[in-house]
Number of protein chains: 2
Amino acid sequence: METRELRYFVAVAEELHFSRAAERLGIAQPPLSRAIQQLERRLGVTLLERDRRSVTLTGAGRVLLDEARVILDATAAAARRTRRAASSTKRLTLATKAGSNHELLRKLLDAHATEPEAAEIDVLLCGMGEQARMLRDGRADAALMQRPFDALAGFDTEDLLTEQQVAILPAGHPLAARTALTLADLSDVPDLPVARWPRHDGTYEPGPGPEIHDLSQLAQLIALGHTLAVLCASSRSWLWSAHAAVPLTDASHVTTVLAWPAHSRSRAVAGLVRTAARL
Amino acid sequence: METRELRYFVAVAEELHFSRAAERLGIAQPPLSRAIQQLERRLGVTLLERDRRSVTLTGAGRVLLDEARVILDATAAAARRTRRAASSTKRLTLATKAGSNHELLRKLLDAHATEPEAAEIDVLLCGMGEQARMLRDGRADAALMQRPFDALAGFDTEDLLTEQQVAILPAGHPLAARTALTLADLSDVPDLPVARWPRHDGTYEPGPGPEIHDLSQLAQLIALGHTLAVLCASSRSWLWSAHAAVPLTDASHVTTVLAWPAHSRSRAVAGLVRTAARL
DNA sequence: CGCTGTCATACCCGGCCGGTATCACCGCGC
DNA sequence: GCGCGGTGATACCGGCCGGGTATGACAGCG
């Protein structure tokens with residue numbers, strides 16, 4: 001199975017339409033039909049049911065679609081990682097959630113800068129939960145992520161900092177005067193629906209609160225009194241004067257971790273991990 | 001990057017010799033040289049340092065070698081899984097260590113057989129630690145594995161049974177008369193070196209004991225009085241009369257788990273997992 | 001200084017990838 | 001019922017590229 005065939009198959013399987021898929025691929029329809037037939041012949045499996053008026057995936061086709069997506073992503077990541085390994089042995093890209101854990105990032109970068117032989121670090125600021133994609137993509141070599149919020153499957157990690165969570169509220173709100181809160185206190189504040197974060201797959205669970213894409217948007221919404229949010233304590237570093245932070249006594253703790261692709265053999269990443277382990 | 005190019009590159013990177021790699025691939029040397037040059041040109045990266053007398057990998061080459069191996073394995077697995085999905089919706093292959101956990105396997109199969117809509121199960125008997133490869137390969141849909149011995153990374157699991165470990169000894173040995181032992185008792189028995197299991201990567205750590213590949217071999221070696229072994233308690237089901245099993249009071253417990261590829265969407269696997277969860 | 005072994009280059013051929021033209025077929029509307 | 005539009009499949013052709021053979025350039029070695 002060549003990646004070209006997989007690319008073609010994914011296009012057809014997603015469009016369920018040969019002509020549209022061909023257009024998307026930038027080729028004509030007949031060669032595409034032929035390529036898929038050839039793939040089916042070589043596998044000895046019918047992947048698509050052509051029904052004169054509609055194209056549908058067979059069970060085997062669904063399996064191959066899942067697998068092919070993974071393979072194509074891995075191939076693109078491999079090319080990127082290879083290119084980056086060539087262009088810059090002494091340079092690495094660290095993905096981090098824009099705005100979060102500023103103090104920790106500062107400490108990590110400062111400590112790393114004092115290391116002899118240390119690689120230079122490019123900081124790549126991401127939206128919520130984008131770090132995992134960047135790491136898988138090969139666009140980043142390492143990332144700061146948070147357990148249990150971020151999807152850490154497939155990565156190796158080093159714990160950096162465990163901290164309490166706090167509720168971030170509009171400064172004028174009655175709850176903001178309290179010295180401590182519980183999750184129950186927040187679950188049903190009538191005028192302040194809890195902000196909704198994207199899940200691991202990028203979708204949002206239904207609910208009344210606004211969908212959050214990045215922290216500056218969240219900050220604005222809280223300052224406007226439209227929502228409240230639960231974040232780790234170090235978020236205090238970016239609070240506005242219109243914000244108030246109140247500790248949550250019963251929320252799970254959050255651990256910020258340094259994550260990198262499992263089995264990475266990059267010396268630059270290893271150096272950063274060593275620095276992080278000493279923090 | 002086409003899989004053909006990756007296949008060629010892996011061959012050259014492993015052999016570090018174009019002619020031998022070409023022979024292994026079943027093609028002539030010049031086309032291979034050209035293919036690698038083309039790959040390098042397309043990536044804009046030199047992967048191999050040709051030094052008139054020797055070929056060595058560059059840093060980028062090492063990165064691509066790791067990535068390419070993963071991609072090629074994934075591609076082969078994808079083909080196998082697709083073929084199997086086509087040939088048998090109602091059939092799945094369960095990999096298990098030959099000889100181990102016989103009682104548990106029996107219970108699982110019996111319970112599954114009574115389910116309506118249940119897939120038929122082909123049991124695939126593996127040597128030590130081979131199940132992980134079978135799962136990754138796509139040669140098996142699920143496997144019985146043991147924590148903490150087997151490499152479970154990348155799989156989803158369902159715990160089935162946690163049990164104590166026991167020492168298996170030749171029946172006539174002095175230690176066999178004891179009612180309980182500790183790991184310290186076993187660490188330095190002069191005439192009975194402890195059997196060595198393969199590690200996750202298939203290699204063995206150095207030591208005096210014999211290298212174990214499967215349980216029948218181990219059984220024979222113990223019966224001959226050449227070694228002793230530490231196994232989970234359910235191993236008692238296959239003991240010979242020439243064997244004795246003595247509980248270990250301080251060894252970590254072993255959990256037998258049902259494992260399957262993460263994100264599997266197979267209905268047949270889901271059915272088996274449901275059965276297992278009810279055990 | 002040839003000999004050997006290495007990888008690169010030159011050149012040729014056949015197959016396959018992609019394009020255009022067309023077919024076979026279905027659903028739809030008049 | 002009969003064009004008509006739109007679907008994927010087929011037929012055919014041309015050019016590119018992957019593969020082969022022959023050979024070159026060069027280093028190490030006896």
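Order of the sequence lines sets the chain letters (A, B, ...), proteins ahead of strands, with each chain counted from 1.
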Answer yes or no: does a side-chain N or O of [X] lie under 4.0 Å from OP1 or OP2 of [N]?
X        : N       : answer
Arg50(A) : dA9(D)  : yes
Gln38(A) : dC16(C) : no
Ser33(B) : dA8(C)  : yes

Legend entry - Non-hydrogen atoms of Ala132(A) and Ala151(A) that approach each other most closely: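 Heavy-atom minimum between the residues: CB-O, 4.1 Å.
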Inset, instruction - Give the minimum heavy-atom separation between Arg80(A) and Gly138(A), together with the two atoms involved. - result: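 Scanning both residues, the minimum pair turns out to be CB-O, 4.0 Å.
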Measure the distance from [atom1] on [X] to [atom2] on [N] and round it to the nearest whole Å.
X        : N       : atom1 : atom2 : value
Leu39(A) : dC16(C) : CG    : C1'   : 16 Å
Leu32(B) : dC17(D) : CG    : C1'   : 16 Å
Glu23(A) : dG18(C) : CD    : P     : 17 Å
Ile36(A) : dT10(D) : CD1   : P     : 14 Å

Could you tell me whether [X] and [Y] have a side-chain N and a carboxylate O separated by less than 4.0 Å?
X        : Y        : value
Arg69(B) : Glu14(B) : yes
Arg81(B) : Asp66(A) : no
Arg84(A) : Glu67(B) : no

Inset, instruction - Assess whether atom CD of Gln29(A) is packed by more than 12 heavy atoms of other residues, nucleotides or ligands within 6.0 Å. - result: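 Atom CD in Gln29(A) is packed in, count exceeds 12.
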Inset, instruction - Evaluate whether atom CZ of Arg265(B) has more than 12 neighbouring non-hydrogen atoms of other residues, nucleotides or ligands under 6.0 angstrom away. - result: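 Result for CZ/Arg265(B): open.
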Legend entry - Residues within residues 24-31 of chain B bordering DNA chain C, heavy-atom distance below 4.0 Å: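 Contacts with DNA chain C under 4.0 Å: Gln29(B), Pro30(B).
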Legend entry - Sub-4.0 Å heavy-atom contacts from residues 1-21 of chain B onto DNA chain C, ordered by number: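 Residues of residues 1-21 of chain B under 4.0 Å from DNA chain C: His17(B), Phe18(B), Ser19(B).
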If the condition is salt bridge (Lys or Arg N to Asp or Glu O under 4.0 Å), which residues does [X] pass it with, not counting sequence neighbours?
X        : result
Arg20(A) : Glu15(A)
Arg62(A) : none
Arg91(A) : Glu120(A), Asp122(A)

Inset, instruction - Take Val55(B) and Arg34(B), find for each the nucleotide of DNA chain C with the closest heavy atom, and name the residue whose nucleotide sits nearer the 5' end. - result: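 Of the two residues, Val55(B) wins.
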Inset, instruction - Classify every nucleotide of nucleotides 24-30 of chain D by which part a protein heavy atom approaches to under 4.0 Å, writing B for the base, S for the sugar-phosphate alone and - for neither, in 5'-to-3' order. - result: --SBS--
Legend entry - Qualifying residue for side-chain contact (heavy atoms from CB on, under 4.5 Å) with Leu64(B), from Leu47(B), Val45(B), Val10(B):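 Between Leu64(B) and the candidates, side-chain contact (heavy atoms from CB on, under 4.5 Å) is satisfied uniquely by Leu47(B).
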